Every structure is written in structure tokens, then in C-alpha cells.
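Accompanying notes for the structure given below.
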Amino acid sequence: MDAGAWRLSARALAPGRTVTFTLSRGERSLPAFAVNLGGSVHAYVNACPHAGNRLDARAAGLLSADGRLLACSVHGAVFAPDTGVCVEGPCPGARLERLVVTRDGDDLVISAA
């Protein structure tokens, strides 16, 4: 497995759940997260395009109140989970940096593009 990849059991990321982790990109460490919404897993660098802070910098977590969208707990930006595009808040049209999610047997492997 690539040194810049992160692996977890697909069963550990049940629908409606999120997980945070750190990926390596060369000399840099990237805060990241994966989310399973509706049976689809998506992963992104955990940095809001509006101000660069972690989406979960405050205790609110990574999901909107209804659990259907991704949300920045600092300035209220809301993102579509399948595209990472900001659909509401201070950075409309901006997008989260997507990570690559692949399946390897019963595991998910997440890596920087």
C-alpha cells in the first residue's frame, strides 16, 4: 500500500458515520475525513475552502443538523457529500479537496489524488 494511503474496514464506516484521520502527502500531514451517506463513501481533506480551518474544529462534527450534508462548524458552510461543492454559506461554488476511495476486499483504501 502507498505510504500516503489510509486503510479501514468498510464495516467500520456504517451509513451515517464519519471518521477522521491523517494522510501523508510527501513531507506534509493532511487532516482528512471519510463519510458514508446513503451507502456511498466519500473522503476529503478536512479543510474548509472558505478559511482553511478543519470542518470539525468545533464540537458540532462534520455533518449538517439533518445528517444529509457536510458542514463546517466554524462559519456554517454546507457541502454536498458526493461532490464536495459548497451549496450554502460563505463560499458558494468552492469545493473540498477530494481524496480517492478504493475498495480492497473488505477494506476501504483512501489516498491523496
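Just so you know, these numbers use all the heavy atoms, side chains as well, and skip hydrogens, waters and symmetry mates. Just so it is clear, the structure is predicted and the values come from calculations on it, not from any experiment. Residue numbers run from 1 in the order of the sequence given.
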Between the side chain of Arg98 and the main-chain N/O of Val45, is any donor-acceptor distance below 3.5 Å? no
Using 0.5 Å steps for rounding, measure from the CG atom of Asn46 to the CG atom of Leu30. 10.5 Å
According to salt bridge (Lys or Arg N to Asp or Glu O under 4.0 Å), does anything in residues 33-60 pair up with another residue at least two apart or in another chain? List the pairs. Arg54-Asp56
Please determine whether side chain to side chain contact (heavy atoms under 4.5 Å, CB included) holds for the pair Val100 and Val109, giving the CA-CA distance in whole Å, both sets of side-chain angles, and the decisive distance to 0.1 Å. CA-CA 8 Å; Val100 177; Val109 179; over 6 Å; no
All N/O donor-acceptor pairs, side-chain side in residues 15-22, below 3.5 Å, sequence neighbours left out:
none

Qualifying salt bridge (Lys or Arg N to Asp or Glu O under 4.0 Å) pairs, either residue in residues 104-113, two or more places apart: Arg7-Asp104, Arg7-Asp107, Arg11-Asp106
Do Val35 and Leu62 make a side-chain contact, defined as non-hydrogen atoms from C-beta onward lying under 4.5 Å apart? no
I need the full list of salt bridge (Lys or Arg N to Asp or Glu O under 4.0 Å) pairs touching residues 30-50, with sequence neighbours left out, sorted by first then second residue. none
Given side chains that start at C-beta, do those of Leu99 and Leu23 come closer than 4.5 Å, heavy atoms only? yes
Residues in side chain to side chain donor-acceptor pair (under 3.5 Å) contact with Arg95, at least two apart in sequence or another chain: none
Under the side chain to side chain donor-acceptor pair (under 3.5 Å) test, residues paired with Arg103 that sit two or more places apart: none
So which residues get pulled into Val78's cluster when ILVMFWY side chains under 4.5 Å apart are joined, directly or through others? Leu69, Val87
For Asn53, which residues count as a side chain to side chain donor-acceptor pair (under 3.5 Å) partner, sequence neighbours excluded? none
Salt bridge (Lys or Arg N to Asp or Glu O under 4.0 Å): pairs with one or both residues in residues 22-31, sequence neighbours excluded: Arg25-Glu97
For Pro92 and Pro90 the tightest heavy-atom approach is CD-C, 3.5 Å
Starting from Val85, walk the hydrophobic network (Ile, Leu, Val, Met, Phe, Trp, Tyr; side-chain heavy atoms closer than 4.5 Å) and list everyone else you reach, by chain and number. none
CD of Glu88 to SG of Cys72: how many Å apart, nearest 0.5 Å? 12.5 Å
Would you kindly confirm whether Leu37 and Val41 end up in one hydrophobic cluster when ILVMFWY residues are joined by side chain heavy atoms under 4.5 Å apart? no
Residues at least two apart in sequence or cross-chain that pass side-chain contact (heavy atoms from CB on, under 4.5 Å) with Cys91, listed by chain then number, are Pro49, His50, Ala77, Phe79, Cys86, Ala94
Heavy atoms only: give me the nearest Ile110-Ala34 pair and the separation to one decimal. CD1-CB, 3.7 Å
With a 4.5 Å heavy-atom cut-off, do Leu96 and Phe33 have their side chains touching? yes
Please find the pair of heavy atoms, one from Leu55 and one from Cys48, that lie closest to each other, and give the distance. CD1-N, 3.5 Å
Side chain to side chain donor-acceptor pair (under 3.5 Å) with Arg68: which residues, sequence neighbours excluded? Asp66
